[in-house]
Amino acid sequence: MAVDLHLHTTVSDGTLTPTELIAMAASRGLSAVSVTDHDSFGGIDEAAAAAFEYQIEFITGVELSAYYRGQDVHVLGYFVDHHDRVLNERLTYLRESRELRARKIVDKLSETGANISWPDVEKYAQGEAIGRPHIAQALLDNGVVGNISQAFNEYLGRDGPAYVPKYVLDLVDIFDVIHGAGGRASLAHPNHWSVDRKVMEKLKRRGLDAIEVWHIDHSEEDTRIYTEMANELGLLLTGGSDCHGTRKKHGIVIGTLDIPDEIIEPLKTRADEIRVEHKQ
Ligand code: AMP
Ligand code: ZN
Ligand code: FE
Ligand code: FE
């Protein structure tokens with residue numbers, strides 16, 4: 001049976017509520033899912049309850065960002081205890097920083113003549129972790145841009161006039177806090193930046209447990225290359241569609257990738273091992 005371990009809800013920058021997302025997972029016949037909102041566990045309890053109703057296995061997840069070698073690198077944490085104090089302290093700080101940053105972006109936008117107000121943005125950021133996609137949506141809604149990509153290309157992207165870097169954790173710190181919370185760390189959509197075997201090996205030494213080999217932006221070739229890399233380096237495999245509801249160009253892609261359920265057991269086993277290690 002198929003699984004999907006990379007999903008966003010309205011708690012971060014997805015457009016489906018946790019309940020809507022799980023209902024969609026059920027209608028697409030998934031046997032297991034993980035909700036991996038950016039910097040928040042706000043959707044976990046609702047999603048887990050809905051998954052229980054539909055008899056879908058639910059894995060607690062989260063997506064965290066780091067800067068590594070000048071690039072924006074994302075890490076997925078699986079089987080974490082979402083009540084872990086240290087991890088939650090980090091997430092609270094990250095969300096507060098996101099809001100300060102979003103306000104700075106709105107200020108910068110008005111300096112460039114792209115006027116949107118804070119309430120315009122808040123209308124879309126009803127969850128816990130505000131991000132550039134919410135601001136892009138406000139720009140689109142106000143007719144400043146014609147589509148979301150244009151918002152990133154002309155204003156919000158790295159080279160845009162309203163770019164403000166996001167406060168992020170150190171990559172090794174991310175591995176440590178995920179392990180501290182009893183979970184396992186997977187490198188999200190590795191084809192978004194240049195990560196060769198050598199870099200991957202280094203990340204493994206620092207604490208990386210898995211590679212996301214199935215992803216909506218991966219070609220079959222990417223999946224093959226990263227699967228081979230993971231097998232050679234002794235890393236586990238994860239996969240997910242990275243569904244953001246209708247906010248991203250691919251649309252509602254949950255369950256469209258045929259990711260085998262065999263990937264779950266090794267992840268779970270490793271997560272159990274780390275829990276024992278941390279208790280000792
Ligand atoms: P943030 O976490 O606020 O920096 O926003 C990052 C989010 O913006 C990611 O989830 C990306 O999917 C999305 N994003 C980044 N670049 C683009 C782009 N060029 N077009 C559309 N979405 C983007
Ligand atoms: Zn996102
Ligand atoms: Fe990501
Ligand atoms: Fe994601």
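Ligands are counted one by one from 1 in listed order, and the atoms in each one are counted from 1 as well.
Excluding waters, the protein N/O/S atoms found under 2.8 Å from the Fe ion (ligand 3) are E63 OE2, H74 ND1, H189 NE2.
Put simply, the side chain of D81 never gets that close to the backbone of G182: no donor and acceptor are under 3.5 Å apart. Judged by distance alone, the side chain of R184 and the main-chain N or O of A210 form no donor-acceptor pair under 3.5 Å. Checked by atom type and distance alone, the side chain of S40 never pairs as donor or acceptor with a backbone atom of E128 at under 3.5 Å. The closest donor-acceptor contact from the side chain of D176 to the backbone of D173 lies at 3.5 Å or more, if one exists at all.
Each of D13, H38, R98, R101, G131, R132, P133, I148, F152, K166, H244, K248 has a non-hydrogen atom positioned under 4.0 Å from some atom of ligand 1.
The Fe ion (ligand 4) has an N, O or S atom of H8 under 2.8 Å away, backbone or side chain.
Put simply, the side chain of D196 does not reach to within 4.5 Å of the side chain of M200, judged on heavy atoms.
Other residues, nucleotides and ligands place no more than 12 heavy atoms under 6.0 Å from the CZ atom of R85. Within a 6.0 Å sphere centred on CG of D258, other residues, nucleotides and ligands contribute 12 heavy atoms or fewer.
In summary, the aromatic rings of H215 and H192 are positioned with their centroids under 6.0 Å apart. Ring centroid separation for the pair H218 and H189 does not come in under the 6.0 Å cut-off.
The cationic atom of R69 (NZ for Lys, CZ for Arg) does not lie both less than 6.0 Å from the six-membered ring centre of W193 and within 45° of the ring axis.
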